[in-house]
Structure formats: C-alpha cells, structure tokens
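Atoms within each ligand, like the ligands themselves, are counted from 1 in listed order.
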Amino acid sequence: MADIIKLLPDHVANQIAAGEVVQRPASVVKELMENAIDAGATCIKLIVKDGGKTLIQVVDDGSGMSETDARLSFERHATSKISSAQDLFNLATKGFRGEALASIAAIAHVDMQTRTAANEVGTHLKIEGSKIVSQEVIATPEGTSISVKNLFFNIPARRNFLKSTQVELRHITDEFHRVALVHPNIEFHFYNNGSEIFNLPIGKHRQRIVHIFGSKMDNRLVPVSEETEVVKVSGFICKPEFAKKSRGEQFFFANNRYIKSPYLHHAVVAAFEGLIKSDTHPGYFLFLEVDPSSIDINIHPTKTEVKFDDENTLYAILRSTIKHSLGQFNVAPVLDFDHDPNLDTPYSYKEKGAVIPKVTVDASFNPFQEKGGSGGSFRKQSTKGWEDLYEGLGHQNDHNEFSSVVIESESEEQGTLYSGEGVEEHLASTFQLRRKYVVSTVKSGMLVIHQNRAHERILFEKFLGEITVKEGVSQQLLFPLELSFNKQELAVVKEIHESLTNIGFVFDSLEKETVKVTGVPMMVPESGIGTVLDRLIADYMEGYSDGSISQAEMLAKALSRNLAVRTGDVLDSESQLMLVNNLFACKEPNLSPFQKITYTIISEGDIDKKFN
Ligand code: ADP
Ligand code: MG
C-alpha cells in the first residue's frame, strides 16, 4: 500500500492552529495588547470598530521591530521571548508561544507599521491569510501599530458564529479590563467607533479600578495585603454590603496575568462566609505574586487557567488574609464600640432574605385640600391590582412556630368554576403552606401553587406585554433619584433604554455616570429602585451571550425574577387569591418563565387512596 500520510500545507496548519488562539475579536485584542506590554509600551491605544468585526487596532510606543523581526514575527513559533525549554519555567512576559501573530495573520487582513529607536524609518507590512502582500519603508513613530481587518474572512463558519456587535464589544471590554487592571503603570485609551470610551491615566491600582468601574467603587474597596514565603497577595476586596447578584467584578491575577481559578475563588468566598447572603457574590481584585517556577501557565492556549504547585497553602493564606482585612477594616462584626448593631443578625434570621421596605405615596394627597378629605396625612393607597401583592409583605413576619401554616380565609362557600382548571370562585379558601405554596381547592381536588414561580410567570407576561405594546404605567418620583453607574452598566442601560421606558422607567439623561431617575414602574418600590436596576443590569449582562432570546424576553425574565414574591414571604389572603386568579389568567400558567412547574393538582382520587 502506498504511503498515505502527508504533511498539511502551512496555510491549512495555520488556520487550524489559529482556531485555538483566536476564538473571537476579543482574543485578538488580548494578544495584541499583551504584545504591546511585552514590548515595554508606556501608552497603549485600542481602537475598535463594530465590535472588532470591522477593525481591531492596537498602537503602542514600545520597542518596535526591525525589518527582519517584523517579517519573522508572523512565522509560527517565532518569538523573542524564550529560547529554551528552561525559560518556560521562568516566564516574565505574557507571550511565549510565538503563535499569536501567525494565527491572526492566517485568518485576517493584517497591517503592521513598526519602527525601533535605532532606525530612522520603519517597516510597513501587509499580510492577508498568511501571505505577505506588500512591504514598504515608512515614516512612522517609534513603536508598533497593528490593525486587523476582516477577521475570519477565509473561514465563513467562524465569521457566522460571531455574536452581535454589542456582545463582541462586551467581550473585548472584558479583555481590556483584564489587561488594564493589572498594568496601572501604563496609560490606556480605548476607542469604539470613533469615540473614546476609556481614558486611563497612569496611577495606582486603586485609581485604575476606580477609573474603570466608576467613582462609586472608591469607598467600596478594602485593601488586602500579605507577604509570605509562598506568595505575596495584594489588591482589594469589595465591602460585603456591596456583594452582587451577579459575579461582576471578580479578578485574580497571578504574576501580572489574569487567571481563572475556581479553587482560589472558593477561598475568597469562604472568607466572606456569614457576611454576605449565599446567593450574592463578593467583588475582588486580587494580585498574587508567586515564584514563576511554581506556576504552570502552559496548560491552556488562551492561558487563563494556571496550575500552582501548592494550591492548598495558597488557599489557606488567601482565606485568612481576606478574613483579616475584613476584620481590620471593621467590616466584619468584631467587638468594638462603634459597632453597628444592625450587623447583629440573630442566627435564626440568617437565612431569611431582607425585605425591601415599601413606601407608598398617596397620589391624591393635596395639602391645600380642606380637612376631611384625604389630606392631612399620608396614608396607604389601596389600589386594586398587582401592586397589592406587595402590600402586607414583610409586615407579618411573626416568627412563631405556627406561622408556617397560615390559614387566612375560613369561607367554605362554593361558587361557580373559574375558566379552565381555575379556582372555585373567589371565595374559595386559600391558605399558605410553609410560606412557599398557596393551596386552594379546585373541582378535581387540591391545587398547590408555588408562590414564587407563579408570581414570576404573572409578572413575566405582564412585563413582556408592556415592553411590546409600550403601555407600562409610570409612577412619578417626588424627588428624582440619583443612581451612579459605571461605563459598562451605563452602556447596558442605553441598550435597553427603550424597553425600560416602555415599562415605566423615566431617566432624564444617560450621558453621565450619575443618572437621574424621575419615574419608575408602579410595581417597583421606591426604596428598591437601585437594587432592581442593578440586578436587572447584572442579569442582562449575564444573559448576553445567549443570543437565542429577544431583549424583551430577557428583560421581562430579569424583572420577574427580581420582583416576584419569594419563598419565605408571607402573603395575606387577598394576595393569595390574587395570585391564584392572575396565574390562571396567564397564557402559559403551568410553567415559570424559567421553565419550572408553577402548580400541581392533587386529585381527590389520589387523596382517597391515601385513606385506603
Ligand atoms: P509571542 O508573544 O508569544 O512571542 P507573538 O506571535 O504574539 O508571539 O509575537 C511574535 C513576536 O513578535 C514577539 O515575540 C515579539 O518579538 C514580536 N512582537 C509582536 N508584537 C510586538 C509589538 N507590539 N512590539 C514589538 N515586538 C512585537
Ligand atoms: Mg504575543
């Protein structure tokens, strides 16, 4: 038989390898920025168009390259950074594989201009799909500028796989953050479609964090610092009260490189134990320095996963260091005289969620009205509608043994049947079981409704309707509320602005970090606006990579999740009844927006069987 094994032609091998290094525009951004840092740049500009699909350009003032190096830099395994296998164990640079430029050039149109200090003129190279198409001498500033256009031009499948411009831009922004956070001694600029979205001057770590994530970060940060023989830890954690619903700002860097480490993440979370609710995530920016020979970065092509020699020790050190910081900065409950008694949560309350206090304003209140009207004092407004589900929440948290079963309505009167699998007309008894289920009777037996999921379904359909038909009712705020957002959050608010307006949010302007809210949907309690918006943004950002559902649906889901009554909330009889009635008025009453079963019916036959 003839020999059948052939070596792949270079361009094919390059394309295959490229797929590993370049997954999306953000990967190019990461590689180019890291090269600029390795070249000793003090100022780096990132220029992006259309989420990197049209253009990604990185301009640095680093060492530049000679003509030969410029050409060589695009060869696979061409690197100036290591020369022997031994060097791999003592890496001081970000790059070392010599693969990035070769990979990028294999699947895009690349234009490079570069000059070293020693040369008067520079080199201008154009490469398309690994082929040098032109090389010229050029007058250019010292340093390197590389622009990458038409990414994946020769791999249509990859090009089609790219997500929306906004999604790709967010991935790029994430990479930009990761690189910029760890190099506060380098100036960064980031331009998107011609406008500058980040301008980061040289400063300290703290300033860099604040420049990126907004000024509200400043008083949230607690410094962390520890030096042992194994590791030097520095950086910041966010105060426990600012723990977020989403993973948000969690950054580990090891030897100036962004890394992911579920194990070390766990150490941080363990240090926060008891200080934050179990479904929230602490923010952190932690910089670890270890002996380069004790860390192996070589296990993954995109180089965010690392292996430490002694993970257990690192874990223990990290956890105790953070605990110490939390204690030292008085954010953990410790014995001291300025101690905030509000932090003393009785043990039995620990698992119970905090209830947002409700403030209701009497819209018909008129101070000039004659006595006897509704004037004189604020009173609770009793409106028929969904808002009522909130009335009474949290007011009856009498924590006695018997409150787990609240039997509210005694009426046994039989009425006509509700539509479909509905409830016996509204005087049917309902009661709440374990603050989790609402139980009622239906023709065929016993109806058990999961209060949280059912309310999610009801709210989901309500909001989805409002977003699409734009009929949300807004409640004007007496005093506009000022909320501060960082740039990323602001971008999300802008993105979903129209939908937010449709459901009743009114913003006065979205140009600055501080946004004034002048109106909110009827459902949202005034005191909870900030939280609701924060969570909404977080949910939206988390859901962004899932391009399969519409923005309206994503928002309606997020809103329903954040506003629905929860397990543990006490519902009065009126609210219970409303929950039942409104659930069965839904288009899809049987599933929550998250595809969980909302209710079940235990048939009389099944109950009978139990008595046999
Ligand atoms: P690596 O970074 O792993 O060495 P790359 O393919 O990213 O591999 O780059 C290849 C080589 O090109 C680098 O080793 C470096 O010598 C040179 N190079 C790349 N980008 C720059 C830059 N912005 N400034 C100076 N030299 C650069
Ligand atoms: Mg590199």
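Per-residue contacts place Ala100 under 4.0 angstrom from the following atoms of ligand 1 (heavy atoms of the residue considered): 6 (O), 7 (O). Proximity to Glu99 (heavy-atom distance under 4.0 Å) selects the following atoms of ligand 1: 6 (O), 8 (O). Ligand 1 places these atoms under 4.0 Å from at least one heavy atom of Ser63: 25 (C).
Residue contacts with ligand 1: Asn35 is placed with a nitrogen or oxygen under 3.5 Å of a nitrogen or oxygen of the ligand (distance criterion only). Inclusion of Asp38 in the set of residues having an N or O under 3.5 Å from an N or O of ligand 1 is not warranted.
For the atom pair CG (Leu221) and CZ (Phe242), the distance works out to 10.0 Å, reported to the nearest 0.5 Å.
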Can you list, pair by pair, the side-chain donor-acceptor contacts under 3.5 Å of residues 122-129, counting residues two or more places apart and other chains?
residue: His124; atom: NE2; partner: Asp111; partner atom: OD1; Å: 2.8
residue: His124; atom: NE2; partner: Asp111; partner atom: OD2; Å: 3.2

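Counting non-hydrogen atoms of other residues, nucleotides and ligands closer than 6.0 Å to CZ of Phe594 gives a total above 12. The environment of CD in Glu498 is sparse: at most 12 heavy-atom neighbours from other residues, nucleotides or ligands sit within 6.0 Å.
Between Ala105 and Phe74, the shortest heavy-atom distance links the atoms CB-CD2, 3.6 Å.
Checked against Leu101 for a side-chain contact (heavy atoms from CB on, under 4.5 Å), the options Val148, Asn35, Val110, Leu72 give a single hit: Asn35.
Counting only non-hydrogen atoms, the option in Asp60, Val59, Leu101 that gets closest to atom 23 (N) of ligand 1 is Asp60.
Using a 4.0 angstrom heavy-atom cutoff, Glu31 does not count as in contact with ligand 1.
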